[in-house]
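Below is one structure, written out as C-alpha cells; comments come after it.
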2 protein chains.
Amino acid sequence: MLINEKASRKHQIESEATQMFRSKGYAGSSMRDLAANLGIEAASLYSHVKSKEEILQKICFRIAQNFLEVLQKVLADKKRPIESLREAIIMHCLVMTRDVSASAVFWNEWKHLSGKSKEEFIQMKTKYEDVFISLISEGINSGEIRSIDSKFAALTILSSLNCIHTWYKPDGNLAPRQVGEELAGMLLSGIQNKK
Amino acid sequence: MLINEKASRKHQIESEATQMFRSKGYAGSSMRDLAANLGIEAASLYSHVKSKEEILQKICFRIAQNFLEVLQKVLADKKRPIESLREAIIMHCLVMTRDVSASAVFWNEWKHLSGKSKEEFIQMKTKYEDVFISLISEGINSGEIRSIDSKFAALTILSSLNCIHTWYKPDGNLAPRQVGEELAGMLLSGIQNKK
DNA sequence: CCTACCGATCGGTAGG
DNA sequence: CCTACCGATCGGTAGG
C-alpha cells in the first residue's frame, strides 16, 4: 500500500529527527544529516515533510497532547488533591519514559518553534502547569499540604519530572511505574503536612 | 588603560553571548548576530576571542568552577551528611541565582563542546554529582536518610536545582537564600528518615 | 526519490 | 576595529 509506505517513511523521518534533535539540538541538526542517516538525499525529505520546523512541531505537539490527555483522565477521577497530584506525577513519568528522546526534545527544543505554533505550545504548557498549581492550592486549602508558594512548588516538581530524560535508562533497574512512584513519594513528602 | 579596555570588551562579548546562547541556543546563535548586538562587525570579534566555541567554554567552565569551589567549602565543614547536603543545596542555589543566564547555558549547551573540553567538562560534572551521591550514601549508612537508590535521589535533586533557571525571576518575591532553603527543605524531607 | 541548483548565511582569515 | 573575502554549509525548490 502506497499510503502506508508513505506514512511509515514519515514516521521514520520523525523518529530519526527526534534522536538527532535530542543529541545535537534542533539548530545543530541539518536536513542533510537527517537524510544521510536515512540513506536518502536531502531534497527527498521534502516529499514527506513541508519543512524542518514542521518536524519539530509534530514532536512537540504529540508529546504535549499526551501529557494533557493523561492529566484529564487523572482529574476525571476526582480524588482528593494530593492523591490526584500523586497520580498526575506517576502518569507524567509514564508518558516521559514511554518516549524519552521525544520528551527531551519537547522539553529542550520547543523554543525553536515560531509564530502561532510557539504561542499555541506555550498555551498548552501553561495550561498543564496551571493544573498542578491549582491542585497544590486546593491541597493547601484542605490542609493536606503545608503552607507553601504553590507556583514555586509546582514548578519545582515539574522540573524534577521533566529532567528524567537526563538520567533515565530504559534498561536500568527501575521500571517506569517504579520511577513514578518513587518520585511521587519523594516530591510529595516534601510538601505534605506532617500528621 | 588599553589592557582593561580589552578585558572589558571581552567581558561584554561573553556577557552578550550568554544571553543569546540562553534564548536561542549555541547552534542557533551566530557570530554576526552577536557582533550586531554589540554594535561591531563580526570579524572584529576575533581580535578578542579565538572562536565561537571558546566563548562557550569560558561560560561553562566558569560556572562549573563556581559549583566545585563552593562544594569544597561545604565539605570542609565536616558536618553530618544530611547537613552537608542541605548546605550544598543552598550553595548550589546561590551560585545559580547569582547568574541565571550563565547557569542555563552551563546546563543546556555544554553538549556543544567538543574534544578535550567536552571530556574535561563531563569529568567535572561527574565529580560534582558523585559528591552528592556519596553524601546520600553516607546519610543512609548513618540512618539519617531512608533506604533509597542514592544515585536516583542525587540526580533528582540536582535536576530540580538545575532547572531553577526556567522559573526563577531575580525580581520575584523570593530571595536567593530563601529559594535555597525552601528547596532544601522540600527535597530533603522527601528522603529523610521519619523520626 | 533523484539531480541540479538557488540565495542566504555560516565561522573564520588576510591585511590594514 | 574595519573592508573584503574565503570555502562550506544551510533550508528549500524545480523538474523529472
Side-chain angles (χ1 to χ4, degrees), chain A residues 1-21 23-60 105 109-118, chain B residues 1-21 23-60 105 109-118:
Chain A
M1 285 280 289
L2 202 94
I3 293 172
N4 285 342
E5 276 169 18
K6 273 208 108 176
S8 126
R9 191 47 140 176
K10 197 163 182 172
H11 190 265
Q12 274 177 50
I13 292 173
E14 196 185 304
S15 168
E16 184 62 37
T18 302
Q19 309 299 321
M20 289 184 65
F21 292 172
S23 60
K24 314 204 304 180
Y26 174 75
S29 305
S30 76
M31 293 298 269
R32 277 161 177 78
D33 285 348
L34 174 56
N37 287 345
L38 293 164
I40 59 177
E41 292 298 319
S44 307
L45 290 171
Y46 291 90
S47 50
H48 298 98
V49 298
K50 274 194 297 191
S51 67
K52 187 184 175 188
E53 192 177 322
E54 192 203 50
I55 304 176
L56 181 63
Q57 279 175 30
K58 287 273 169 60
I59 299 168
C60 288
V105 172
E109 308 298 330
W110 66 267
K111 61 174 173 245
H112 292 107
L113 294 171
S114 66
K116 279 189 186 172
S117 296
K118 192 170 191 173
Chain B
M1 285 281 287
L2 202 92
I3 292 173
N4 286 343
E5 277 169 18
K6 272 209 109 177
S8 127
R9 193 46 140 175
K10 198 164 182 171
H11 191 266
Q12 274 177 50
I13 292 173
E14 196 184 305
S15 169
E16 184 62 37
T18 302
Q19 309 299 324
M20 289 183 66
F21 292 172
S23 59
K24 314 205 302 183
Y26 174 75
S29 305
S30 76
M31 293 297 269
R32 278 162 176 79
D33 285 348
L34 174 56
N37 287 346
L38 293 164
I40 59 176
E41 292 299 319
S44 307
L45 289 171
Y46 292 90
S47 51
H48 298 98
V49 298
K50 274 194 298 192
S51 67
K52 186 184 175 188
E53 191 176 323
E54 192 204 49
I55 304 175
L56 181 62
Q57 279 174 30
K58 288 273 169 60
I59 299 168
C60 288
V105 172
E109 308 299 329
W110 66 268
K111 60 172 175 249
H112 292 107
L113 294 172
S114 66
K116 280 188 186 174
S117 296
K118 192 171 189 173

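Reminder, nothing fancy here: chain letters follow the sequence lines and each chain counts from 1. Worth knowing before you read on, the calculation uses all heavy atoms, side chains too, and leaves out hydrogens, waters and symmetry mates.
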(request) Compare all side-chain heavy atoms of A:V49 with those of A:M31 and state whether any distance is below 4.5 angstrom. (result)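 A side-chain contact exists here, since the closest heavy-atom pair is under 4.5 Å.
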(request) May I ask you to test the B:I55-B:L45 pair for a side-chain heavy-atom distance under 4.5 Å? (result) no
(request) Could you tell me the separation between the OG atom of A:S44 and the CD1 atom of A:I13, rounded to the nearest 0.5 Å? (result)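 That separation rounds to 9.0 Å.
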(message) For the OG atom of B:S29 and the NE2 atom of B:H112, what is their distance to the nearest 0.5 Å?
(response)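 So the gap between those two atoms works out to 10.0 Å.
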(message) So, does A:S44 get its side chain near the phosphate of C:dC2, meaning an N or O under 4.0 Å from OP1 or OP2?
(response) yes
(request) Quick one: list whatever passes ring-ring contact (aromatic ring centres under 6.0 Å, His included) with B:F21, sequence neighbours left out. (result)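 For B:F21, the residues satisfying ring-ring contact (aromatic ring centres under 6.0 Å, His included) (neighbours in sequence not counted) are B:Y26.
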(request) Quick one: which residue pairs count as a salt bridge (charged side-chain N to carboxylate O under 4.0 Å, His left out) with a foot in residues 31-45 of chain A, not counting sequence neighbours? (result) A:K24-A:D33
(message) Among residues at least two apart in sequence or on other chains, which ones pass side-chain hydrogen bond (donor to acceptor under 3.5 Å, both in side chains) with A:Q12?
(response) A:R9
(message) Under the rule for side-chain hydrogen bond (donor to acceptor under 3.5 Å, both in side chains), what residues qualify as partners of B:S114, not counting sequence neighbours?
(response)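 Once residues adjacent in sequence are excluded, the partners of B:S114 under the side-chain hydrogen bond (donor to acceptor under 3.5 Å, both in side chains) criterion are B:E53.
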(request) Spell out protein contact along nucleotides 11-16 of chain D as letters: B when the base is contacted, S when just the sugar-phosphate is, - when no protein heavy atom is under 4.0 Å; keep the 5' to 3' order. (result) BBB---
(request) Could you check how far CG of A:L45 sits from P of C:dT3, rounded to whole Å? (result)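 In whole Å, C:dT3 P and A:L45 CG are 14 Å from each other.
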(message) How many whole angstroms separate atom CD of B:E41 from atom C1' of C:dC10?
(response)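 It works out to 15 Å between those atoms.
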(request) Using a 3.5 Å limit on both pairing distances, list the dot-bracket string of DNA chain D from the 5' end; Watson-Crick and G-U wobble pairs count, crossing pairs take [ ], interstrand pairs take |. (result) ||||||||||||||||
